[in-house]
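Everything on this sheet refers to the single structure shown next.
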Amino acid sequence: MDEIEILSLSPGGRYRVEAAVWEAGNSHWVYLPHIIDTEQDTCLFKFADRRWSLDRDTWLSATSLEVMLRKYPGDRMGTGVRVVIDCARRTARCGDGPEIGLSVLERALEAMLVRGY
């Protein structure tokens, strides 16, 4: 069973970043992120593929979150991909790409991997 860690809270505490932490290999840890709306007690975003890992998260405002993500084993993404998530609007922007819905974020990141990021 994965251990769930709370990684950060948004200013004001409405949103929470959690990670299901698991060991993918000898001392290779994956931090599978979940974004939770604490007022509605709902999960805004969660990856289906357990190999996506959160390297860093930074709150830019009370509703805007910047994350650095890689997919284990991580060798195809260099330092990772920067994603800015607007929790209130339920949207994200991958790198310099267009704004997309959180419902298609994982598919967009997978497409980036196929294209070679």
Side-chain angles (χ1 to χ4, degrees):
M1 174 171 269
D2 299 334
E3 178 182 330
I4 301 294
E5 287 187 24
I6 296 174
L7 302 179
S8 68
L9 289 171
S10 65
R14 170 133 190 207
Y15 303 102
R16 179 176 68 230
V17 179
E18 299 177 347
V21 182
W22 63 280
E23 191 171 15
N26 188 21
S27 297
H28 292 192
W29 293 93
V30 172
Y31 287 76
L32 180 66
H34 309 150
I35 301 172
I36 307 296
D37 181 328
T38 62
E39 285 184 9
Q40 296 182 3
D41 195 27
T42 58
C43 182
L44 300 181
F45 180 77
K46 177 176 162 177
F47 283 102
D49 188 325
R50 293 175 35 89
R51 294 175 293 166
W52 283 100
S53 187
L54 177 70
D55 286 340
R56 179 177 50 96
D57 67 301
T58 305
W59 287 97
L60 305 175
S61 72
T63 61
S64 183
L65 171 68
E66 177 185 72
V67 295
M68 289 298 292
L69 300 166
R70 282 187 295 152
K71 188 171 182 181
Y72 183 80
D75 55 346
R76 292 175 40 199
M77 298 188 85
T79 59
V81 62
R82 177 182 169 266
V83 177
V84 175
I85 297 170
D86 186 324
C87 296
R89 295 182 50 199
R90 311 302 199 254
T91 61
R93 186 177 309 270
C94 302
D96 295 327
E99 187 174 71
I100 58 173
L102 287 178
S103 63
V104 297
L105 174 58
E106 184 168 4
R107 189 172 25 203
L109 289 167
E110 292 290 347
M112 290 175 73
L113 279 176
V114 169
R115 289 191 314 264
Y117 178 58

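One-based numbering along the sequence shown. Atom set for the values below is all heavy atoms of this structure, side chains included, hydrogens, waters and symmetry mates excluded. It should be emphasised that the depicted structure is a prediction, and the values quoted were computed from it without experimental measurement.
In the hydrophobic cluster analysis, where Ile, Leu, Val, Met, Phe, Trp and Tyr join through side-chain heavy atoms closer than 4.5 angstrom, Val84 is grouped apart from Ile100. Put simply, Val104 and Leu65 are part of the same group of oily side chains (I, L, V, M, F, W, Y) that touch within less than 4.5 Å, one to the next. Placement of Met112 and Leu105 within a single hydrophobic cluster is found when ILVMFWY residues are connected by side-chain heavy-atom separations under 4.5 Å, directly or transitively. Hydrophobic clustering places Ile35 together with Leu102 (ILVMFWY residues linked when any side-chain heavy atoms are closer than 4.5 Å, directly or through intermediates). There is no path of hydrophobic side-chain contacts, each under 4.5 Å, that joins Leu9 to Val17.
Atom CZ of Arg93 is separated from atom CD1 of Ile85 by 12.5 Å, given to the nearest 0.5 angstrom. Atom CG of Asp49 and atom CG of Leu109 lie 11.0 Å apart (nearest 0.5 Å). Rounding to the nearest 0.5 Å gives a distance of 10.5 Å between CD of Glu106 and CG of Leu69. Note that CD of Glu5 and NE2 of His34 are 12.0 Å apart. Values are rounded to the nearest 0.5 Å. Ile4 CD1 to Ile6 CD1: the interatomic distance, rounded to the nearest 0.5 Å, is 9.5 Å.
Through direct or indirect side-chain contacts shorter than 4.5 Å among Ile, Leu, Val, Met, Phe, Trp and Tyr, Ile36 is connected to no other residue.
Applying the salt bridge (charged side-chain N to carboxylate O under 4.0 Å, His left out) test to pairs two or more places apart or on separate chains, none has a residue in residues 26-35. Within the structure, every pair that satisfies the side chain to side chain donor-acceptor pair (under 3.5 Å) test and touches residues 57-68, not counting sequence neighbours, is listed here: Ser8-Asp57, Ser8-Trp59, Arg56-Glu66, Glu66-Arg82.
Nearest approach of Ala62 to Ser10, heavy atoms of both residues: O-CB, 3.4 Å.
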Solution key, residues 41-48 side-chain donor-acceptor pairs under 3.5 Å, sequence neighbours excluded:
none

Result block: side-chain N/O donor-acceptor pairs under 3.5 angstrom for residues 21-32, not counting sequence neighbours:
unit_1: Trp22; atom_1: NE1; unit_2: Arg50; atom_2: O; d: 3.2
unit_1: Glu23; atom_1: OE2; unit_2: Ser27; atom_2: N; d: 2.8
unit_1: His28; atom_1: ND1; unit_2: Tyr72; atom_2: OH; d: 3.3

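Residues meeting the side-chain hydrogen bond (donor to acceptor under 3.5 Å, both in side chains) test with Thr91, sequence neighbours left out: Glu99.
Side-chain atoms of Thr38 never come within 3.5 Å of backbone atoms of Arg16 as a donor-acceptor pair (strictly under, hydrogens ignored).
Using a 4.5 Å heavy-atom threshold, the side chains of Val67 and Pro33 count as separate.
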